[in-house]
Amino acid sequence: MNSILNEMQPSLKRYSKITSQVIQATVSIIDNQQIRISFEGGKWECPVGVSMSDYGEIVRAALVTGQPQIMLEPFSHPACKACVNRDTCVDIAEMWVPIVVSKTVLGVIGINCETRQQAQRVRKSHVVYLAFLQQMADLISYEAALRMESRKNEAVAGLLETVVDHLDSGVLVADRAGNVLRLNRIGRQILQ
């Protein structure tokens, strides 16, 4: 099943790219199933649509707790202790902020520092970077909420249309100017 974030992939790629350019570090967006949705600014090409469940204990902590997770020194985060990739991890510093709609964590946006220079910059300004990531997460959350509401409205409209079509009475829906907006099968029969 596709996540709402996966459906937003083109805009999330733009958000990631802008964030990566501003922060000058690798930026990833990962959904609540730990599938990488977007990846920008890294030294290596990393494919999207790939499960990160075997690699991201800090990401998992952000998804489970719904709270930002910050590691400013290598392996200093409690989640690193249990990570099976601890010995091969290339991340010197990380920050992950949950993307939340109606108390549901849809995913995370995060910074991965792969070089000492990136890590020093993030350590020096981590409060500002965290605030920036939170703003990006809020922007993504807003777009996701709009999409979810649109889905719900379409489903309700479809259900209403199905109900109206199956009524044994004629139904005609008109606007204030008298223009017919909707006419069911029985209504058509009566008017013919």
Side-chain angles (χ1 to χ4, degrees), residues 3-6 8-101 103-144:
S3 69
I4 189 76
L5 295 183
N6 193 50
M8 296 170 54
Q9 195 168 24
S11 57
L12 296 183
K13 183 172 175 56
R14 288 191 307 274
Y15 295 150
S16 295
K17 189 170 191 169
I18 290 167
T19 304
S20 176
Q21 289 170 346
V22 169
I23 293 177
Q24 296 180 347
T26 303
V27 174
S28 296
I29 297 176
I30 298 172
D31 74 8
N32 58 6
Q33 300 301 304
Q34 288 189 274
I35 303 297
R36 183 188 293 130
I37 304 297
S38 181
F39 178 85
E40 291 292 329
K43 292 193 300 187
W44 301 279
E45 284 295 317
C46 290
V48 297
V50 174
S51 175
M52 301 304 296
S53 61
D54 291 338
Y55 301 98
E57 294 302 320
I58 297 175
V59 168
R60 188 181 339 270
L63 290 169
V64 169
T65 66
Q67 298 297 316
Q69 300 294 314
I70 301 167
M71 178 190 75
L72 297 177
E73 296 295 332
F75 314 118
S76 63
H77 193 280
C80 294
K81 290 173 181 42
C83 186
V84 296
N85 294 302
R86 181 182 166 99
D87 296 334
T88 59
C89 186
V90 296
D91 295 324
I92 300 171
E94 296 181 51
M95 271 187 189
W96 295 95
V97 174
I99 300 165
V100 181
V101 173
K103 297 182 182 178
T104 299
V105 179
L106 301 179
V108 291
I109 182 170
I111 303 169
N112 301 79
C113 298
E114 301 163 337
T115 68
R116 292 183 207 278
Q117 184 181 12
Q118 289 172 339
Q120 287 172 342
R121 201 170 31 254
V122 167
R123 286 181 196 119
K124 181 178 173 185
S125 301
H126 74 277
V127 173
V128 173
Y129 287 165
L130 184 61
F132 186 75
L133 278 179
Q134 186 61 61
Q135 288 298 310
M136 295 307 288
D138 290 347
L139 183 62
I140 295 166
S141 295
Y142 178 73
E143 184 178 335

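Side-chain atoms are counted along with the backbone in the values below, which use heavy atoms only and exclude waters and symmetry mates.
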Quiz item: Counting distance only, does the side-chain N/O of Ser20 pair as donor-acceptor with the main-chain N or O of Ala25 below 3.5 Å?
Solution: yes
Quiz item: Are Ser38 and Ser28 side-chain neighbours, meaning at least one heavy-atom pair lies under 4.5 Å?
Solution: no
Quiz item: Would a 4.5 Å heavy-atom cut-off, applied to side chains only, mark Cys80 and Ile58 as touching?
Solution: yes
Quiz item: When you measure from the side chain of Gln9 to the backbone N and O of Ile37, does any donor-acceptor pair fall under 3.5 Å?
Solution: yes
Exercise. Output the distance between atom CD (Glu114) and atom SG (Cys89), rounded to the nearest 0.5 Å.
Key: 9.5 Å
Exercise. With rounding to the nearest 0.5 Å, note down the distance linking CD in Gln33 to CG in Leu106.
Key: 11.0 Å
Quiz item: For atom CD of Gln134, is the number of surrounding heavy atoms from other residues, nucleotides or ligands below 6.0 Å larger than 12?
Solution: yes
Self-check item: Test applied, side-chain contact (heavy atoms from CB on, under 4.5 Å); reference residue, Trp96; option that passes from Asn112, Leu133, Leu130
Solution: Asn112
Exercise. State whether Arg123 and Glu73 are salt-bridged, where the test is any N-O pair (Lys NZ or Arg NE/NH1/NH2 against Asp/Glu carboxylate O) under 4.0 Å.
Key: yes
Quiz item: Going from CE on Met52 to CG on Leu63, what distance comes out if it is rounded to the nearest 0.5 angstrom?
Solution: 12.0 Å
Quiz item: Looking at CD1 of Ile70 and OH of Tyr129, how far apart are the two atoms once the value is rounded to the nearest 0.5 Å?
Solution: 13.5 Å
Quiz item: So, do Asp91 and Thr26 sit near enough that their side-chain heavy atoms are less than 4.5 Å apart?
Solution: no
Quiz prompt | Within 6.0 Å of CZ in Phe75, more than 12 heavy atoms from elsewhere | solution = yes
Quiz prompt | Closest heavy-atom pair and its distance - Ser76, Met71 | solution = OG-CG, 3.5 Å
Practice problem: Write down the atom of Ala144, the atom of Val101, and the distance for their closest heavy-atom approach. | Solution: CB-CG2, 4.1 Å
Exercise. For Pro98 and Pro68, work out which heavy atoms get closest and say how close.
Key: CD-N, 3.7 Å
Self-check item: Chi angles and distances behind the side-chain contact (heavy atoms from CB on, under 4.5 Å) call for Ile29, Ile99
Solution: CA-CA 9 Å; Ile29 297 176; Ile99 300 165; 4.1 Å; yes
Exercise. Going by the side-chain hydrogen bond (donor to acceptor under 3.5 Å, both in side chains) test, name the single residue among Arg60, His77, Glu94 that passes it with Gln69.
Key: His77
Quiz item: If you measure from CE on Met95 to CD1 on Ile23, what distance do you get to the nearest 0.5 Å?
Solution: 8.0 Å
Exercise. Can you measure from CD (Glu40) to CG (Leu12) and round to the nearest 0.5 angstrom?
Key: 11.0 Å
Quiz item: Do Lys13 and Lys17 come within less than 4.5 Å of each other through their side chains, counting heavy atoms only?
Solution: no
Exercise. Start with the C-alpha gap between Leu5 and Ile140, add the side-chain angles, then the distance that decides, and say whether side-chain contact (heavy atoms from CB on, under 4.5 Å) holds.
Key: CA-CA 9 Å; Leu5 295 183; Ile140 295 166; 3.8 Å; yes
Exercise. Determine yes or no for a side-chain-to-main-chain donor-acceptor pair under 3.5 angstrom, with Asp31 supplying the side chain and Ile35 the backbone.
Key: yes
Quiz item: Could you walk me through whether Glu143 and Ser11 pass the side-chain hydrogen bond (donor to acceptor under 3.5 Å, both in side chains) check?
Solution: CA-CA 9 Å; Glu143 184 178 335; Ser11 57; 3.0 Å; yes
